[in-house]
Enquirer: 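Here you go, one structure.
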Amino acid sequence: MSGEYALLLRRRALSMLRLAERLIDEAEYDLAVLNAEYATQLYVKSFLLRLTGEEWRGHSIRALLGLLAYMLEEKEFRTQAEKVMDFIRLNRRLLVELEDAHTRAVYGVLQYSRDQAQALLNASRKVIELIEDLEKEILGG
């Protein structure tokens, strides 16, 4: 079941990413960043599930990536763990903004602009690309 559930999370994540792209085209920037943030969360969680066989809770993308680095280290994938930590260090500001989108897009008093939404969508894509690379290296796809 965990393999099927991981694939379901992954499909949902990619659907949310595509929805975020469409929402930007429709000038629905707040909803676009919300979906980009959810897509990122779900994609990281899907890989964690595939890697560990355990379901992970939480919404902080940085915490989930930190957990991923820890689990990779535990499983002696040290090069990959360092890759994740480097990614977190290099992209800290964008990751914080992407996390904040979870709340700000729903409850914030300011709206996102097209440029902001596009930047956060690109940040989401970068995280997903990182995970895709790790999947190929570790799980073969």
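No experiment lies behind these values; they were computed from the predicted model shown.
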Enquirer: Of all heavy-atom pairs between Leu9 and Ser46, which one has the smallest distance, and what is that distance?
Expert: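 So the two residues come closest at CB-CB, 3.8 Å.
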Enquirer: Please report the interatomic distance CG(Asn35) to CZ(Arg22), rounded to the nearest 0.5 Å.
Expert: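 Taking CG in Asn35 and CZ in Arg22, the distance rounds to 9.5 Å.
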Enquirer: When you group the ILVMFWY residues by side-chain heavy-atom contacts below 4.5 Å and let the links chain together, are Tyr70 and Phe87 in the same group?
Expert: yes
Enquirer: Could you tell me whether Arg93 and Glu97 have a side-chain N and a carboxylate O separated by less than 4.0 Å?
Expert: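 Salt bridge: yes.
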Enquirer: Is there a side-chain contact (heavy atoms from CB on, under 4.5 Å) between Trp56 and Val44? Walk through the geometry before answering.
Expert: CA-CA 10 Å; Trp56 298 92; Val44 175; over 6 Å; no
Enquirer: Looking only at heavy atoms, which two atoms of Ala13 and Tyr43 are closest? And how far apart?
Expert: CB-N, 3.7 Å
Enquirer: How far apart are the C-alpha atoms of Ser15 and Arg18, what are their side-chain angles, what is the distance that settles it, and do they pass the side-chain hydrogen bond (donor to acceptor under 3.5 Å, both in side chains) test?
Expert: CA-CA 5 Å; Ser15 291; Arg18 287 189 303 274; 3.1 Å; yes
Enquirer: Walk me through whether Thr40 and Glu37 qualify under side-chain contact (heavy atoms from CB on, under 4.5 Å).
Expert: CA-CA 5 Å; Thr40 309; Glu37 190 276 338; 5.6 Å; no
Enquirer: Working to the nearest 0.5 angstrom, can you tell me the gap between Tyr5 OH and Leu49 CG?
Expert: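 Reported value, rounded in 0.5 Å steps: 7.5 Å.
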Enquirer: Between Ala20 and Ala32, which heavy-atom pair has the shortest distance, and what is it?
Expert: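 For Ala20 versus Ala32, the nearest heavy atoms are CB-O, 3.3 Å.
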Enquirer: Go through the steps for Leu8 and Glu4 under the test side-chain contact (heavy atoms from CB on, under 4.5 Å), then give the verdict.
Expert: CA-CA 6 Å; Leu8 176 62; Glu4 290 174 25; over 6 Å; no
Enquirer: Please determine if Asp86 and Lys83 form a salt bridge, counting it only when a charged side-chain N lies under 4.0 Å from a carboxylate O.
Expert: no
Enquirer: When rounded to the nearest 0.5 angstrom, what distance separates CZ in Arg50 from CD in Glu135?
Expert: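 Here the interatomic distance stands at 5.0 Å.
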Enquirer: What pair of heavy atoms forms the shortest contact from Gly58 to Gln41, and how long is it?
Expert: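 Minimum heavy-atom contact is O-OE1, 3.6 Å.
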Enquirer: Can Tyr38 and Arg12 be said to form a side-chain contact (heavy atoms from CB on, under 4.5 Å), step by step?
Expert: CA-CA 9 Å; Tyr38 269 122; Arg12 287 177 179 164; over 6 Å; no
Enquirer: For the hydrophobic clusters of this structure (ILVMFWY residues joined by side-chain heavy atoms under 4.5 Å, transitively), does one cluster hold both Leu14 and Leu139?
Expert: yes
Enquirer: Could you check if a side-chain atom of Ile138 sits within less than 4.5 angstrom of a side-chain atom of Leu72, using non-hydrogen atoms only?
Expert: yes
Enquirer: State, with a plain yes or no, whether a side-chain heavy atom of Leu23 is found less than 4.5 Å away from one of Glu26.
Expert: yes
Enquirer: Taking C-beta and beyond as the side chain, do Asn122 and Leu94 meet within less than 4.5 Å on heavy atoms?
Expert: no
Enquirer: Give, for atom CD1 of Ile131 and atom CG of Leu48, the distance between the pair rounded to the nearest 0.5 Å.
Expert: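 It is 7.5 Å, given to the nearest 0.5 Å.
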Enquirer: Salt bridge or not between Glu132 and Arg125? Use side-chain N to carboxylate O under 4.0 Å.
Expert: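 Looking at Arg125 together with Glu132, the answer is no, because their closest N to O distance does not fall below 4.0 Å.
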Enquirer: Got more than 12 heavy atoms from elsewhere within 6.0 Å of CZ, Arg62?
Expert: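 Atom CZ in Arg62 is crowded, with more than 12 foreign heavy atoms closer than 6.0 Å.
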Enquirer: Check which hydrophobic residues are tied to Val109 through side-chain heavy-atom contacts below 4.5 Å, counting indirect links as well, and list them.
Expert: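 Under the 4.5 Å side-chain rule, Val109 groups with Leu110.
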Enquirer: Could you tell me which non-hydrogen atom of Leu34 sits nearest to which non-hydrogen atom of Ala101, and how far apart they are?
Expert: CD1-O, 4.3 Å
Enquirer: How long is the gap from CD on Gln118 to CG on Leu120, to the nearest 0.5 Å?
Expert: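 With rounding to 0.5 Å, CD (Gln118) is 9.5 Å from CG (Leu120).
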Enquirer: What are the two closest heavy atoms between Ala69 and Val84, and how far apart are they?
Expert: CB-CG1, 3.9 Å
Enquirer: With a 6.0 Å cut-off (strictly less than), is the heavy-atom count around CD of Gln111, excluding the residue itself, greater than 12?
Expert: no
Enquirer: Measuring only between side-chain heavy atoms, which start at C-beta, is Val33 closer than 4.5 Å to Gln116?
Expert: no
Enquirer: Got a second to check how far Ser124's OG is from Leu17's CG, nearest 0.5 Å?
Expert: 5.0 Å
Enquirer: Donor-acceptor pair, distance only, cut-off 3.5 Å: does the side chain of Arg114 make one with the backbone of Ile24?
Expert: yes
